[in-house]
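Nothing fancy with the numbering, it's 1 onward along the sequence.
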Amino acid sequence: MPPSAAAPPLEATVEIDAPPAAVWAAVSDVRRMPEWSPQVTSTRLRSGFDEVALGAEFTNRNHYGELEWTTHATVTRFEPQQALAFRVEENWQVWSFELTPLDGGRTRLVQRREAPDGLSDLSLQLTEGFMGGVESFTETMRAGMAETLDAIRATVEA
């Protein structure tokens with residue numbers, strides 16, 4: 001599929017005072033995303049999938065202001081205590097978490113949003129028409145990523 005629009009990668013990083021195993025226990029279960037993300041209100045594994053693993057499919061319910069929508073995603077990378085990634089069907093974006101062990105039993109957690117195939121026409125139309133445009137919504141996503149990582153850190157360190 002040809003790229004519809006270039007989308008620069010977005011990335012946020014946090015250091016967590018916990019070992020990778022503890023961080024992984026939280027972030028590897030995408031069903032917990034509503035606990036941390038300011039945009040995700042519900043995440044459910046799709047019928048036929050009992051656990052989060054490579055190839056698992058799930059549905060997210062999202063909101064932005066008064067707008068609400070559903071997305072469908074597939075886990076494309078699942079490397080215990082190292083990395084989790086999933087691709088969203090509707091907008092072609094790939095979201096990931098990467099864990100790096102640090103000295104003293106700490107972990108660096110990186111959240112990344114990439115669009116290797118560009119952004120879908122549907123995503124562009126909705127973003128331009130209802131979310132203030134790509135540039136504005138990108139800043140909202142960047143802030144949301146920082147909020148998500150801070151919330152994950154607070155959960156894991158508690």
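Linking ILVMFWY side-chain heavy atoms closer than 4.5 Å, directly or via other members, places F49 and L54 in a single hydrophobic cluster. No path of Ile, Leu, Val, Met, Phe, Trp and Tyr side chains, each step under 4.5 Å between heavy atoms, connects F78 with V110, placing them in separate hydrophobic clusters. By the rule that hydrophobic residues join a cluster once side-chain heavy atoms approach within less than 4.5 Å of another member, F86 and V94 end up as members of separate clusters.
Contact record, T43 with M33: OG1-CB, 4.1 Å, taken as the closest heavy-atom pair. Among all heavy-atom pairs drawn from A26 and R32, the shortest one is CA-NH1, 3.7 Å. When all heavy atoms of A12 and A146 are compared, the pair lying nearest together is CB-N, 4.3 Å. Smallest separation of non-hydrogen atoms from G55 and T74: O-CG2, 3.8 Å. Pairing each heavy atom of P20 with each of L99, the nearest pair is O-CD2, 3.6 Å. Here the closest non-hydrogen pair linking Q93 and A115 is CG-CB, 4.5 Å.
Among residue pairs with one or both ends in residues 48-58, none qualify as side chain to side chain donor-acceptor pair (under 3.5 Å); sequence neighbours excluded.
Using a 4.0 Å cut-off between a side-chain N of Lys or Arg and a carboxylate O of Asp or Glu, R153 and D150 qualify as a salt bridge. Checked for salt-bridge contact, E79 and R77 meet the test: a charged N lies under 4.0 Å from a carboxylate O.
Residues meeting the side chain to side chain contact (heavy atoms under 4.5 Å, CB included) test with R44, sequence neighbours left out: S42. In terms of the salt bridge (Lys or Arg N to Asp or Glu O under 4.0 Å) criterion, residue partners of E15 (sequence neighbours excluded) are, by chain and number, R106, R108.
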Assess the residue pair V30 and F97 against the criterion (side-chain contact (heavy atoms from CB on, under 4.5 Å)); give the C-alpha distance rounded to whole Å, side-chain angles, the decisive distance to 0.1 Å, and a yes or no. CA-CA 11 Å; V30 295; F97 289 100; over 6 Å; no
Set out, in order, the CA-CA distance, both residues' side-chain angles and the distance that settles side-chain hydrogen bond (donor to acceptor under 3.5 Å, both in side chains) for R61 and T70, then state yes or no. CA-CA 5 Å; R61 189 77 180 142; T70 301; 2.7 Å; yes
Under the criterion side-chain contact (heavy atoms from CB on, under 4.5 Å), I'd like the reasoning laid out for Q111 against T148: C-alpha separation, chi angles, the key distance, then a yes or no. CA-CA 9 Å; Q111 183 182 26; T148 297; 4.1 Å; yes
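Counting only distance, with no hydrogens or angles, the side chain of H72 and the backbone of R46 share no donor-acceptor pair below 3.5 Å. Panel note: side chain T107, backbone A18; a donor-acceptor pair is recorded below 3.5 Å. Distance alone, capped at 3.5 Å, places no donor-acceptor pair between the N60 side chain and the N62 backbone. A donor-acceptor pair under 3.5 Å links the side-chain atoms of E157 to the main chain of D17, judged by distance alone. A donor-acceptor distance shorter than 3.5 angstrom exists from the side chain of T155 to the backbone of A151, with no hydrogens or angles considered.
Atom CZ of R112 is separated from atom CH2 of W95 by 12.0 Å, given to the nearest 0.5 angstrom. How far CZ of R87 is from OG1 of T71: 12.5 Å, rounded to the nearest 0.5 Å. For the atom pair E147 CD and S37 OG, the distance stands at 8.0 Å (nearest 0.5 Å).
Taking the side chain as every heavy atom from C-beta outward, L149 and W36 never approach each other to under 4.5 Å. W24 is listed as a side-chain neighbour of L84, based on a closest heavy-atom distance under 4.5 Å. Between I152 and L109, the closest side-chain pair of non-hydrogen atoms falls below 4.5 Å.
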